[in-house]
Amino acid sequence: MTAALMLELRDVGKSFELHHQHGARLDVLRGLDLRLHAGECVVLSGPSGAGKSTLLRVIYANYRASFGAVHVRHAGRWLDLARAMPHEVLDVRRHTLGYVSQFLRVIPRVPALDIVAEPLLQAGMDEREARQRAGNLLHRLNVPERLWLLPPGTFSGGEQQRVNIARGLIVRRPILLLDEPTASLDAANRDVVAQLLAEARADGSAVLGIFHDEDMRDRVATRLFLMQALEAA
Amino acid sequence: MSALLQVRGLGRRYGQRIGCEDVSFDLHPGELLCIVGESGSGKSTLLNTVAAQQAPSSGSVRYRQRGGGWLELGALGEADRRRLAREEWGFVTQNPRDGLRLNVSAGANVAERLMALGMRNYSQLRGIARGWLERVEIDPARIDDAPTSFSGGMQQRLQIARTLVTQPRLVFMDEPTAGLDVSVQARILDLLRRLVNELGLAAVMVTHDLAVARLLAARTLVMQGGRVVETGLTDQILDDPQHPYTQLLVSSVLTT
């Protein structure tokens with residue numbers, strides 16, 4: 001049996017028009033096709049400036065595609081995120097599409113445990129169980145319990161990154177986008193993330209990510225997707 | 001899902017001067033929409049016109065009532081408008097002194113809107129008021145104190161309690177965190193964020209602060225010179241602004 005297709009990009013392009021830089025136009029992606037199946041982990045590889053992060057953002061739809069289609073399998077049907085209505089995009093993000101960036105967006109006054117538990121609460125889980133699960137995941141990621149009730153604003157880069165990973169992985173979503181989630185982690189914690197990703201894949205999640213660390217890339221990737229910077233227009 | 005509010009081609013002029021012009025949007029239950037833009041861009045005019053606090057010069061605002069029927073707000077009489085404001089809506093002003101009654105106690109400020117809905121049992125009213133003071137992190141021991149003895153941040157939290165106690169279906173907020181110290185602002189934002197999630201509030205909020213929009217609103221509408229120049233998901237607007245004015249706004253934010 002072949003694994004289900006979860007995400008299909010067709011002829012995707014992305015340009016930025018910078019109105020206050022003398023109308024400069026940056027072409028970052030052009031004519032890009034990509035297919036992602038359940039259970040695989042595709043790692044984007046290519047030099048800095050090749051548009052890897054831009055591609056993830058176009059898929060997550062916080063960047064708007066300039067051309068092409070971003071088809072996602074969502075709730076049993078296909079939806080083109082490049083043309084979806086705002087409430088459809090939100091629904092896809094809530095249930096289907098997760099995104100872990102390199103940096104945690106800290107919310108003043110909100111403790112680490114609640115930041116991690118929030119996606120579960122939004123999915124309707126009761127507060128006790130959500131907190132319990134958040135604690136378990138933070139524990140697995142070696143975030144010391146004494147930090148759980150503190151807002152992560154003062155945490156180290158690695159600690160913040162682990163809180164961010166926990167938040168991004170706590171709800172099992174069918175498609176996961178990862179933008180260098182292990183950049184500030186030590187070897188032990190990279191191991192934990194690799195295990196978590198393997199578990200997600202075994203559960204049928206499709207993963208698309210950027211990992212600069214070669215060792216990490218070799219461990220998690222089932223396939224590489226090569227990207228090159230477009231020549232200056 | 002059916003919209004709660006439908007705004008179509010809405011405009012408000014002051015003589016020749018444009019307050020806002022040709023604004024259209026829908027608001028759905030449970031959705032918080034931010035209106036951003038600099039001073040004089042027409043944000044507050046738009047909010048006040050949508051909230052039927054002033055009559056539109058053109059266009060329409062339709063509101064779906066609790067019973068399910070649509071109301072055309074422009075055609076609404078004063079009595080109906082007051083009934084909506086009392087029973088189904090809430091309004092949080094920038095300056096809490098404009099939204100509070102300063103000569104009655106904190107508890108009475110919270111209870112008053114419930115009494116307007118017909119609740120009369122004193123101990124029940126007091127119990128609810130006490131619960132709401134706790135919810136907005138005001139010591140319930142201050143229930144009999146006048147809001148004039150409160151700090152600005154406390155007054156704003158009291159106004160939020162007074163507004164939300166009736167569980168309105170739709171809340172309008174005009175710069176609720178402007179003019180407060182950043183630490184106080186963080187506390188109010190955290191509070192609003194929790195209440196929005198817990199109560200599933202639908203709200204329209206005016207702010208000039210893009211970080212506030214990022215924190216609270218799934219959707220944002222950018223205004224310049226009375227017109228909407230860009231609209232979309234808040235992270236699209238902030239991460240990938242398209243319009244020259246939005247690009248200028250986003251690039252002008254200081255980051256720490």
Side-chain angles (χ1 to χ4, degrees), chain A residues 14-26 28-29 53-54 56-66 81-94 97 99 101 103 105-111 114-115 117-127 130 151 153 179, chain B residues 1-4 25-33 137 177 181-194 196-198 200 202 211-212 214-221 229-252 255-256:
Chain A
K14 176 63 188 168
S15 305
F16 295 92
E17 199 173 340
L18 308 174
H19 293 283
H20 298 282
Q21 317 294 327
H22 313 288
R25 188 188 152 93
L26 292 175
V28 181
L29 304 173
S53 293
T54 298
L56 292 186
R57 291 180 187 148
V58 165
I59 298 170
Y60 195 63
N62 55 326
Y63 282 6
R64 290 171 263 204
S66 314
L81 283 178
R83 273 161 204 82
M85 302 292 291
H87 70 268
E88 293 175 313
V89 176
L90 292 174
D91 197 54
V92 167
R93 290 179 183 175
R94 217 163 2 243
L97 189 61
Y99 173 66
S101 66
F103 300 106
R105 196 175 289 285
V106 177
I107 304 169
R109 298 216 328 151
V110 181
D114 289 359
I115 290 181
E118 192 176 60
L120 292 173
L121 295 174
Q122 284 169 351
M125 186 179 284
D126 83 41
E127 205 165 316
D179 191 346
Chain B
M1 188 165 48
S2 184
L4 195 60
F25 65 87
D26 283 359
L27 185 78
H28 290 86
E31 192 176 38
L32 196 149
L33 174 78
E137 301 178 33
T177 59
D181 290 341
V182 281
S183 59
V184 178
Q185 188 181 357
R187 191 168 185 179
I188 288 181
L189 288 174
D190 175 37
L191 175 72
L192 282 175
R193 197 172 151 277
R194 273 192 288 119
V196 164
N197 284 338
E198 281 168 23
V212 168
R214 165 96 73 183
L215 191 64
L216 295 176
R219 272 199 311 141
T220 292
L221 196 144
V229 295
E230 189 164 352
T231 172
L233 291 174
T234 303
D235 62 0
Q236 289 175 341
I237 302 265
L238 298 184
D239 297 342
D240 187 17
Q242 311 282 315
H243 189 275
Y245 177 68
T246 317
Q247 291 188 353
L248 186 66
L249 271 188
V250 171
S251 66
S252 305
T255 49
T256 53

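Letters go in sequence order (proteins before strands), and every chain restarts at 1. As a basis for the values below, the full set of heavy atoms in this structure was taken, side chains included, without hydrogen atoms, waters or symmetry mates.
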[atom1]-[atom2] distance between [X] and [Y], expressed to the nearest 0.5 angstrom:
| X | Y | atom1 | atom2 | value |
| --- | --- | --- | --- | --- |
| A:L18 | B:Q247 | CG | CD | 6.0 Å |
| A:H87 | B:R219 | NE2 | CZ | 9.5 Å |
| A:N62 | B:I237 | CG | CD1 | 12.0 Å |
| A:D114 | B:R194 | CG | CZ | 9.0 Å |
| B:E198 | A:L121 | CD | CG | 9.5 Å |

Inset, instruction - Check whether A:R105 gets within reach of chain B through its side chain, its backbone, both or neither, counting any heavy atom under 4.5 Å. - result: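 Side chain of A:R105 only, per the 4.5 Å heavy-atom cut-off to chain B.
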Below 4.5 Å from any heavy atom of chain A, which atoms of [X] appear? Answer side chain, backbone, both or neither.
| X | value |
| --- | --- |
| B:L248 | both |
| B:S183 | neither |
| B:D190 | side chain |
| B:Q242 | both |
| B:R187 | both |

Legend entry - Those residues that, when tested against A:R83, pass salt bridge (charged side-chain N to carboxylate O under 4.0 Å, His left out) (two or more places apart):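 Partners of A:R83 by the salt bridge (charged side-chain N to carboxylate O under 4.0 Å, His left out) criterion, ordered by chain and then number, come out as A:D80.
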Inset, instruction - Can you sort out the partners of B:E230 under salt bridge (charged side-chain N to carboxylate O under 4.0 Å, His left out), two or more places apart, ordered by chain and number? - result: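 Per chain and number, B:E230 pairs via salt bridge (charged side-chain N to carboxylate O under 4.0 Å, His left out) with A:R64.
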Inset, instruction - Would you confirm whether A:H20, through its side chain, and B:P244, through its main-chain N or O, come within 3.5 Å as a donor-acceptor pair? - result: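 Between the backbone of B:P244 and the side chain of A:H20 there is a qualifying donor-acceptor contact (under 3.5 Å).
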Legend entry - Donor-acceptor contact below 3.5 Å, side chain B:Q236 vs main chain A:P86: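 Here the side-chain-to-backbone pair does not exist.
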Inset, instruction - Evaluate salt bridge (Lys or Arg N to Asp or Glu O under 4.0 Å) for A:K14 paired with B:D240, printing each intermediate quantity in order. - result: CA-CA 11 Å; A:K14 176 63 188 168; B:D240 187 17; 2.7 Å; yes
Legend entry - N-O pairing of A:R109 and B:E137 below 4.0 Å: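 Judged by the 4.0 Å cut-off on N to carboxylate O distance, A:R109 and B:E137 do form a salt bridge.
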Inset, instruction - Report the C-alpha distance between B:R193 and A:I107 in whole Å, list the side-chain angles of each, state the deciding distance to 0.1 Å, and finish with yes or no for side-chain contact (heavy atoms from CB on, under 4.5 Å). - result: CA-CA 10 Å; B:R193 197 172 151 277; A:I107 304 169; 3.3 Å; yes
Inset, instruction - In sequence, state the C-alpha distance, the side-chain angles, and the governing distance for B:D235 and A:R93, and then conclude on salt bridge (Lys or Arg N to Asp or Glu O under 4.0 Å). - result: CA-CA 12 Å; B:D235 62 0; A:R93 290 179 183 175; 2.8 Å; yes
